[in-house]
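Computed from a predicted model, the values in this text were never measured in an experiment. Letters A, B, ... are given to chains in the order of the sequence lines, protein chains preceding strands, and every chain is numbered from 1.
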Amino acid sequence: MARDVVRSVKGTRDFYPEEMGARIWLYEKMRQVSESFGYSEFEGPMLETYELYIAKSSQEIVEKQSFVFEDRGGDKLTLRPELTPTLARMVAARQPQLTFPLRWWSFGPFWRYERPQKGRTREFFQWNIDLLGDDSPEADAELIAIAASFLKEVGLTSGEVRILVNNRELMDKHLATFDIAPEMRGEVFNLIDRRDKMSEESWQEYAAELGLTPKQTGQVIDLIGNQELWRQSDSLVKMFAALEAYGISDYVSFAPQIIRGLVYYTGTVFEAWDTSGEYRAIFGGGRYDNLVGDVGGDPVGGVGFAVGDLIITLILQQYGRLPEFGKTPSAVFFTLFDQSLLQESLKLANSLRQAGIKVTSQLTPSKLGKQFKYADRIGAKFAIVVGPDEAANNTVTIKNLATGEQTELPQGELVNNLKALGG
RNA sequence: GUGGAUGUAGCUCAAUGGCAGAGCGCCGCACUGUGGAUGCGGUGGUUGAGGGUUCGAUCCCCUUCAUCCACCCCA
């Protein structure tokens, strides 16, 4: 490197305007879907106490993957690695005055101290959406419907992505009938979760290490191979029935091997996967019934999910569904012929802005050719020229940068003309 | 935390133990009231950093830093 530019922090991303365009696009899709289901936007602090996450997130996330540090007063702080504990805390703090069921969504930055790789950075953005205070299977169905609507909205088909659903209570009930002790079931959940992520051999070893008998291991394999298992769960039966109403059933499948890593999930759990199998889960969520109580509030159940911006963007790129983003928001470039026409050019440009047209102005004189080149580069559609001839006649020249076509017209007709052209 | 790969011009990449190159970009000119196309000319580098071997290292060796990829975990 010839230039010794100060480096950015490992695992962070710079959003140059092109990337910012994609981020805003994604954010707008999330807002649109959230609001269409009646959810309100909220935001919490990015800094939380370390205590908030202990025993609520997965141990790995709290102990190894969080940015934890002491402030100047010696208090232990954490850059939030996820939103749900913050949500629970905020709900608990104002529980008596909030109206339930509560429907909230949020989009913001999160941090995890991990080795960056494809689709994973240390600073990332997440869309979180949660419904609290309704414990029905229909509430679970609403969140899954929202997830599916979002996938549909960004242009992904049910052939490309699929939401896999399971229920932890259902699985727990069956593990009990296999004589697996309650304190072991968390580990067995973990085992189930890794069924598709490990080789058969090492999975069997893992099962043996946990102390499962060959018979029990066999029962677990049969269990997670049973695609009709959901019929034994009243909750899942009702949930799938409700999903029919949304017309997105083709996006949703039952999958008994879906468990999820976070310890606070208590009932329905779900993950969206790219069906090509090239990527890991696109997003995940589920029902958590104890979280608000755990942070000091009255027990109120919730269901929600989180979508990371990186993976969804990767998938959208893979399928070519991410739109191109122009470099400038203005379609009109106002040239400056020479210094003597500065006042007139700036005034005219500003009268366009007052009429609601977005205009970029040339501020220092240079060759017109260079100005057109610049206008083209920044993505403007029209260039406007006021030279000595136009100034003398109170006219302007509009040049269509795509076709090269030029028209001279009275200054008074400029606004309407540009609007007619779509400027 | 574990393992693998890669660092050469603004970008994408060549090359050789012996003068470091191309394409794209950028700047200029042809064309001082017209951009994209074309032609011509020009700008471009302590070969990531430090050390070692060598007459000589961008190349071989060691160290270090950075990036990427996979595992782990997860969004």
* For A:Tyr113 and for A:Gln126, locate the closest nucleotide of RNA chain B by heavy-atom distance; then report the residue assigned to the nucleotide nearer the 5' terminus. =>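 Its nucleotide being nearer the 5' end, the pick is A:Tyr113.
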Assign each of A:Gly308 and A:Pro116 the nucleotide of RNA chain B bearing its closest heavy atom; nearer the 5' end lies the nucleotide of A:Pro116
For A:Asp250, is there an ion pair with A:Arg162 - N to carboxylate O distance below 4.0 angstrom?
no
Margin query: Can you tell me if A:Gln117 touches the phosphate of B:C69, counting only side-chain N or O atoms and a distance under 4.0 Å to OP1 or OP2?
Written below: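 Result: no.
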Check your understanding: Does A:Lys367 put a side-chain nitrogen or oxygen below 4.0 Å from OP1 or OP2 of B:C29?
Key -> yes
Calculate the interatomic distance between [X] atom [atom1] and [N] atom [atom2]; express it in whole Å.
X        : N     : atom1 : atom2 : value
A:Lys118 : B:U6  : NZ    : C1'   : 16 Å
A:Arg115 : B:A70 : CZ    : P     : 12 Å
A:Arg120 : B:U67 : CZ    : P     : 14 Å
A:Ile258 : B:C74 : CD1   : P     : 13 Å
A:Arg122 : B:C68 : CZ    : P     : 11 Å
A:Arg260 : B:C74 : CZ    : P     : 8 Å
A:Phe107 : B:A75 : CZ    : C1'   : 11 Å
A:Tyr53  : B:C74 : OH    : C1'   : 15 Å

Among [options], the nucleotide that comes nearest once only the side chain of [X] is considered:
X        : options             : answer
A:Glu114 : B:A75, B:C68, B:A70 : B:A75
A:Pro388 : B:C69, B:G33, B:A75 : B:G33
A:Phe337 : B:G33, B:C69, B:C74 : B:G33

Sorted by chain and number, sequence neighbours left out, ring pair (Phe, Tyr, Trp, His ring centres under 6.0 Å) with A:Tyr246 holds for none
Residue pairs passing the salt bridge (Lys or Arg N to Asp or Glu O under 4.0 Å) test with at least one member in residues 306-323 of chain A, sequence neighbours excluded, are A:Arg13-A:Asp309, A:Glu160-A:Arg321
[atom1]-based separation of [M] from [N] [nearest Å]:
N     : M     : atom1 : result
B:G18 : B:C13 : C1'   : 24 Å
B:U58 : B:U16 : C1'   : 9 Å
B:G28 : B:C68 : C1'   : 38 Å
B:G50 : B:G10 : C1'   : 26 Å
B:C27 : B:G44 : C1'   : 11 Å
B:A9  : B:G48 : C1'   : 14 Å
B:U63 : B:U2  : P     : 16 Å
B:C60 : B:U12 : C1'   : 27 Å

Those residues at least two apart in sequence (or on a different chain) that pass side-chain hydrogen bond (donor to acceptor under 3.5 Å, both in side chains) with A:Tyr319 are A:Asp274
Notebook entry, point to check: side-chain hydrogen bond (donor to acceptor under 3.5 Å, both in side chains) with A:Arg168: which residues, sequence neighbours excluded?
Noted result: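 Here no residue qualifies.
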Contacts under 3.5 Å, N or O only, protein and nucleotides 34-38 of chain B:
{"residue": "B:U34", "atom": "O2", "partner": "A:Lys399", "partner atom": "NZ", "Å": "2.6"}
{"residue": "B:U34", "atom": "O2", "partner": "A:Gln406", "partner atom": "OE1", "Å": "2.8"}
{"residue": "B:U34", "atom": "N3", "partner": "A:Gln406", "partner atom": "OE1", "Å": "2.3"}
{"residue": "B:U34", "atom": "N3", "partner": "A:Gln406", "partner atom": "NE2", "Å": "3.4"}
{"residue": "B:U34", "atom": "O4", "partner": "A:Gln406", "partner atom": "NE2", "Å": "3.2"}
{"residue": "B:G35", "atom": "O4'", "partner": "A:Gly369", "partner atom": "O", "Å": "3.4"}
{"residue": "B:G35", "atom": "O6", "partner": "A:Gly404", "partner atom": "N", "Å": "3.4"}
{"residue": "B:G35", "atom": "N1", "partner": "A:Leu401", "partner atom": "O", "Å": "2.2"}
{"residue": "B:G35", "atom": "N2", "partner": "A:Asp376", "partner atom": "OD1", "Å": "2.7"}
{"residue": "B:G35", "atom": "N2", "partner": "A:Leu401", "partner atom": "O", "Å": "2.6"}
{"residue": "B:G36", "atom": "N1", "partner": "A:Leu401", "partner atom": "O", "Å": "3.3"}
{"residue": "B:G36", "atom": "N1", "partner": "A:Ala402", "partner atom": "O", "Å": "3.4"}
{"residue": "B:G36", "atom": "N2", "partner": "A:Leu401", "partner atom": "O", "Å": "3.2"}
{"residue": "B:G36", "atom": "N2", "partner": "A:Ala402", "partner atom": "O", "Å": "2.7"}

All stems that RNA chain B takes part in, i.e. 3 or more consecutive Watson-Crick or G-U pairs with distances under 3.5 Å, are B:1-7 with B:65-71, B:10-13 with B:21-24, B:26-30 with B:38-42, B:48-52 with B:60-64
Can the positive tip of [X] be found less than 6.0 Å from the middle of the six-membered ring of [Y], inside 45° of the ring normal?
X        : Y        : value
A:Arg112 : A:Phe67  : no
A:Arg195 : A:Trp203 : yes
A:Arg103 : A:Phe37  : no

Base, sugar-phosphate, or nothing: which does [X] touch, judged by heavy atoms less than 4.0 Å apart?
X        : result
A:Asp309 : nothing
A:Thr121 : base
A:Phe124 : base

Any donor-acceptor N/O pair under 3.5 Å between B:A75 base and A:Arg112 side chain: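 Flag set: donor-acceptor pair detected.
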Taken in chain and number order and not counting sequence neighbours, the residues that satisfy side chain to side chain contact (heavy atoms under 4.5 Å, CB included) with A:Glu187 are A:Asn190, A:Tyr206, A:Leu210
| field | A:Arg115: partners by side chain to side chain contact (heavy atoms under 4.5 Å, CB included), with sequence neighbours left out | value |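 So A:Arg115 forms no side chain to side chain contact (heavy atoms under 4.5 Å, CB included) with any residue.
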Under 3.5 Å, which donor-acceptor pairs link side chains of residues 372-381 of chain A to any protein atom two or more places apart or in another chain?
none

